[in-house]
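Each remark here refers to the structure printed beneath this line.
To find a chain, count down the sequence lines: A is the first, B the second, and so on, and within it residues start at 1. What you are looking at is a predicted structure, and each value in this text was computed from that prediction instead of being measured.
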Amino acid sequence: MEEEILPKSYQPETVEEKWYQFWIEKGYFKAQAKSHKPPFSMVIPPPNVTGSLHMGHALNNTIQDIIARYKRMDGYNVLWLPGTDHAGIATQNVVEKMIAKEGISRHHLGRKKFIERVWKWKEESGSTIINQLKRLGASCDWSRERFTMDEGLSKAVKQVFLRLFKEGLIQRDNRLINWCPRCGTALSDLEVEYEEKNGNLYYIKYPFVEYPSRFIVVATTRPETMLGDTAVAVNPDDKRYKHLVGKHVQLPLANRQIPIIADSMVDVAFGTGAVKITPAHDFADEATGRRHNLEFCSVIDREGKMSGDIPAEYIGLNRFEARTKIVDDLRQQELLLKVEAMKHNVGHCYRCKDVTEPLLTLQWFVRIKSLAEKAIAAVREKKIKIIPEQWENTYFNWMENIQDWCISRQIWWGHQIPVYYCPRCDGDKILITLRENQADTKRLQGNYNDFIKEGLSFEKIIEDIDYYLILDDAVPIVEGESCKKCGCKELIQDPDVLDTWFSSALWPFSTLGWPEHTDELKTFYPTSVLVTGFDILFFWVARMIMMGLKFMEDVPFKDVYIHALVRDSKGQKMSKSKGNVIDPLSVIDKFGTDSFRFTLAALAAQGRDVKLSEARIEGYKHFVNKIWNASRFVKMNIENYKVSQDYEIDIKNLHPFDNWILTRLNETIADVRSYYDNYNFNDAANAIYRFLWNDFCDWYIEHSKLRANESVVKHLLWYCLTTSLKLLHPIMPFVTEEIYQRLPHFDESIMISNFPVANTAFIGKDVSNIELLIKVIRAIRNVRSEMNVAPSQRPFVTIVAKNEGMGKFLREVKDFIEQLSRTQAEFVDELKERPASSALTVVEGIDIWVNLEGLINVEDEKNRIMKEINKTEKDVEFLNKKLSNEDYLKHAPEDVVEEDRQKLSVYKEKLAKLVENLEFLKGLK
RNA sequence: GGGCGGUUAGCUCAGCGGGAGAGCAUCGGCCUUACAAGCCGGGGGUCGUAGGUUCGAAACCUACACCGCCCACCA
């Protein structure tokens, strides 16, 4: 069964790979689509398929693995479904950079070849992060690994798009959107990061048409957009400008005339109180423009260059060059009044950090309001619990102010929008072609079903829509499909792809086989918990809730556990540019996976960022080693003992130490269970740490050296260790398995053993006797240390205690006192005469005299006892004061007061003895 | 501008109405036959500031300060 003696220290590298393979081979990670066990499911937040593991992943997946392993041991049919995300823009950018090294761009390759290239890269690098997750110990059901662009998920995406479209929830529209000139695509509002930058506020003079020598002055941070101005706005209540509303000004440089309009959006106090309005390049101005029916004049193109109906000298300049030139030109024409430095927020692309540009373009949008309302309700009604709860506010705040979601991206890597256009037909009025296979149609539920029952009614509803939409389902659309109007077969698919987060939003049900009605969906949806960082609360979590409610008519998960960010030891965000990135894999190599995982768990307090340092991980490596050595001890001590699972402990006649350790163990089990259940992983980690180290090792093992031949001790050494290993296994899977296998064990693996259940007989049991014993031993050790008694010395101690109650108990455990305090003890009922040259310490009314003969002088003892007197005096003073306060006695609960009274009498007694002893010492000279 | 978190020992944090805690670091003593990656012991804090509630506040309330996030169309 188990091997010989354990090596002196734990070597992670030799065991981790071995056990991971073992678990996989045994199929422990696999979930059952149908099972008599209760289901428990999680879907992994899919990492970027071409990415590699960073600290955020490590924390995220460690937490999920802790939950998965705990629940599995606790009897659940656990599905932890893994997978990766195609990560549209991010992946495309990576591959573009790669081919740029070969001197080519994606446009050289063409769409088809480029996408082939990306797939190739995906095939090459896609396993990197999966393998890294495996090194972390992640117990995902790898047989169910999914990818957001695999066949099944693509089908789900198309279904969802079609249905949302048919319900009018997806629309195509010409609106102002955030555009990244570098990536060449539209972005959703969320994909723009605002950063405060130093900029200028330029005051520009716009001459009146009727009085060219007079001006209205506008202030702007973006003078280059003035070429697209179509109005100047003032506040209707602004007395300075009231009379000018309706007049026209000459737009400098552009040679156009634009009106002065009144709009309450204008802040009278800011700048000059007159605002240039550029509806095609500013979100606020867009709204104003729509309110006033202004012209939308685009002057910046998709590459961020000046274009459109503007003077030739500006055409082709990039935005920033144009700004410089326009300011110069204005200055030359004396139209620039002044320039003030000003900080303002500048939007950046979250993928490439280029400055984003509001552009007017034709895009696809999800009308999200109605979806959001249901998603808000689900959280309000606690159908979904967000943990920690404080995030609910953030969620509500965002959801209640949600804007339509721009889902089209002008890139190539992703789910191409399943919409087709007929190149021959009249551009603006086209029919819809819809095709689905019959089986699918039958399966669809609810409104949708009714909706498409008759092709006619559907066409009627959408007859005003000006494009073709075809569900590219089982059969490729290009083959055999034709335009219903002109019959042409050369339909062109919309070139845009969907926002990556569109497919991610379907993840909890698309990965379970939707739109098929699978056993997996039935068993595992809704999933039990989603574990994620707060940074994708809006990107992902909120959208999953909306889509889940819409298409599954149920929440996608019951709990959302939101964990913190991993930062460096100074609390700074880890980033490549700062050079403070700690690579999880190198940490694993250096310290082992278990110490790393334990560190993450121990630091992952709810609502706090994780400040990670290598020193910390190294510290917990010591803990791993401590467990290892405790196991060595246990193993050596049970060598010739046959461990039995059925060992019956005689609860009524337990040795006090056994009673104590079992009480501590069971309390720990109950605590750890509750901590795991409530996502308090740091508390769980600390509780196990304390039990194993401070209780089991420091006291139980140490005391057991005196009882080494008792079978109950052998049993309990094995039992307590094995049980705490099980508690720890979710956090430290490898070392716990290694030790479990080397000790006598009754399951094939610790992974499939039952998670410990607390024996209620030991919860809250009175163990004050051992607690007193520990205090006595500590007090003696304290005296020894303070008086510099060498550890090799075994002084006599005289303990004054009647042979009844606690005194009797202490007499019974004399051997342990002697062993653990390294003394020779004698007990007396009362002192006949003061022991010579001894130091006195008092514990709960029990006098303990440590004989220091030949070891110490009187002066040292005087000093020591003075210190103890001072401390005790303070205690007495404090309690006296408290107990003489009438208000306290009147208001405080009985038991609190009673406790204080008892404490006071104990302290007073102690003080009297100490003082008496001091007086004696003084008399000695 | 709105919102959320934080401020407790040198460091990282727990405590969230009844005498200030842990780990690490530090100091002193130990190679005591599981473990020096260890054992034993010590020192160290007017719990950000100012008010308030209370018999009693690190904890609850109100302001303020500083740090960190998130959201927002002051150009």
What does [X] touch in the nucleic acid at a heavy-atom separation under 4.0 angstrom: a base, only the sugar-phosphate, or nothing?
X        : answer
A:Lys890 : nothing
A:Ser9   : base
A:Met399 : nothing
A:Tyr202 : nothing
A:Asn345 : base
A:Lys8   : sugar-phosphate
A:Glu286 : nothing
A:Lys874 : base

Separation of the [atom1] atoms in [N] and [M], to the nearest angstrom:
N     : M     : atom1 : result
B:U7  : B:C64 : C1'   : 14 Å
B:A9  : B:G43 : C1'   : 11 Å
B:G41 : B:C47 : P     : 28 Å
B:C27 : B:A63 : C1'   : 43 Å
B:C35 : B:G15 : C1'   : 31 Å
B:C11 : B:G48 : P     : 14 Å
B:G38 : B:A25 : P     : 8 Å
B:U8  : B:G42 : P     : 25 Å

Where the side chain of [X] is concerned, which of [options] is the nearest nucleotide?
X        : options             : value
A:Val896 : B:G19, B:G18, B:A75 : B:G18
A:Arg632 : B:A34, B:C71, B:G19 : B:A34
A:Lys903 : B:G19, B:A34, B:G41 : B:G19
A:Leu879 : B:G41, B:A34, B:G19 : B:G19
A:Asp698 : B:A34, B:C71, B:C40 : B:C40
A:Phe538 : B:C70, B:A75, B:A34 : B:C70
A:Thr394 : B:C70, B:G42, B:A34 : B:C70
A:Asp267 : B:A34, B:U12, B:A75 : B:A75

For the residue pair A:Val843 and A:Ala779, what are the closest heavy atoms and their distance?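 Heavy atoms of A:Val843 and A:Ala779 come nearest at CG2-CB, 3.4 Å.
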Whole Å only: how far is the [atom1] atom of [X] from the [atom2] atom of [N]?
X        : N     : atom1 : atom2 : value
A:Arg323 : B:A75 : CZ    : C1'   : 13 Å
A:Ile739 : B:C35 : CD1   : P     : 15 Å
A:Trp628 : B:A34 : CH2   : C1'   : 12 Å
A:Glu195 : B:C69 : CD    : P     : 11 Å
A:Met342 : B:C74 : CE    : P     : 10 Å
A:Gln793 : B:C40 : CD    : C1'   : 16 Å
A:Asn401 : B:G1  : CG    : C1'   : 14 Å
A:Leu904 : B:G18 : CG    : C1'   : 16 Å

Exceeds 12 heavy-atom contacts within 6.0 angstrom, atom [atom1] of [X]:
X        : atom1 : result
A:Glu894 : CD    : no
A:Gln403 : CD    : no
A:Glu13  : CD    : yes

Any side-chain donor near an acceptor of the partner, A:Glu193 and A:Tyr350, under 3.5 Å: no
Which value, rounded to the nearest 0.5 Å, describes the distance between [X] atom [atom1] and [Y] atom [atom2]?
X        : Y        : atom1 : atom2 : result
A:Thr221 : A:Met342 : OG1   : CE    : 6.0 Å
A:Asp404 : A:Arg175 : CG    : CZ    : 4.5 Å
A:Trp398 : A:Thr394 : CH2   : OG1   : 12.0 Å
A:Arg664 : A:Asn694 : CZ    : CG    : 9.0 Å
A:Asn686 : A:Phe681 : CG    : CZ    : 13.5 Å
A:Asp683 : A:Tyr675 : CG    : OH    : 5.0 Å

Determine yes or no for a side-chain-to-main-chain donor-acceptor pair under 3.5 angstrom, with A:Ser884 supplying the side chain and A:Asn880 the backbone. yes
Is the A:His703-A:Tyr700 ring centre distance short of 6.0 angstrom?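 Close enough - the centres of the two rings lie under 6.0 Å apart.
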Quiz question: going by heavy-atom distance under 3.5 Å, is there a donor-acceptor pair between the base of B:A34 and the side chain of A:Glu702?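 Indeed there is one.
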Does any N or O donor sit under 3.5 Å from an N or O acceptor when you compare the side chain of A:Lys626 with the base of B:G38? no
How would RNA chain B look in dot-bracket form, 5' to 3', counting Watson-Crick and G-U wobble pairs with both distances under 3.5 Å and writing | for bases paired to another strand? ((((((((.[[[[.)..(..]]]].(((((.......))))).....[[[[[..)....]]]]])))))))....
Which letters describe nucleotides 54-59 of chain B, given B = protein heavy atom under 4.0 Å from base, S = only from sugar-phosphate, - = neither? -B----
Reading nucleotides 23-32 of chain B from 5' to 3' and marking B where a protein heavy atom lies under 4.0 Å of the base, S where only the sugar-phosphate is that close, and - otherwise, the string is S----BSS--
Pairwise 5' ranking along RNA chain B for A:Trp398 and A:Leu201, keeping only the more 5' one: A:Trp398
By nearest nucleotide on RNA chain B, pick out whichever of A:Phe878 and A:Asn393 is the more 5' one. A:Asn393
Run the side chain to side chain contact (heavy atoms under 4.5 Å, CB included) check on A:Arg319 and A:Val355 step by step: do they pass? CA-CA 10 Å; A:Arg319 325 169 250 176; A:Val355 176; 3.8 Å; yes
Classify the ring geometry between A:Phe623 and A:Trp693 as parallel (under 30°), tilted (30 to 60°) or perpendicular (over 60°).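 Parallel, since the angle between the ring planes stays under 30°.
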Just N and O in the side chain of A:Asn782: are any of them under 4.0 Å from OP1 or OP2 of B:G42?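 Answer is yes, contact under 4.0 Å.
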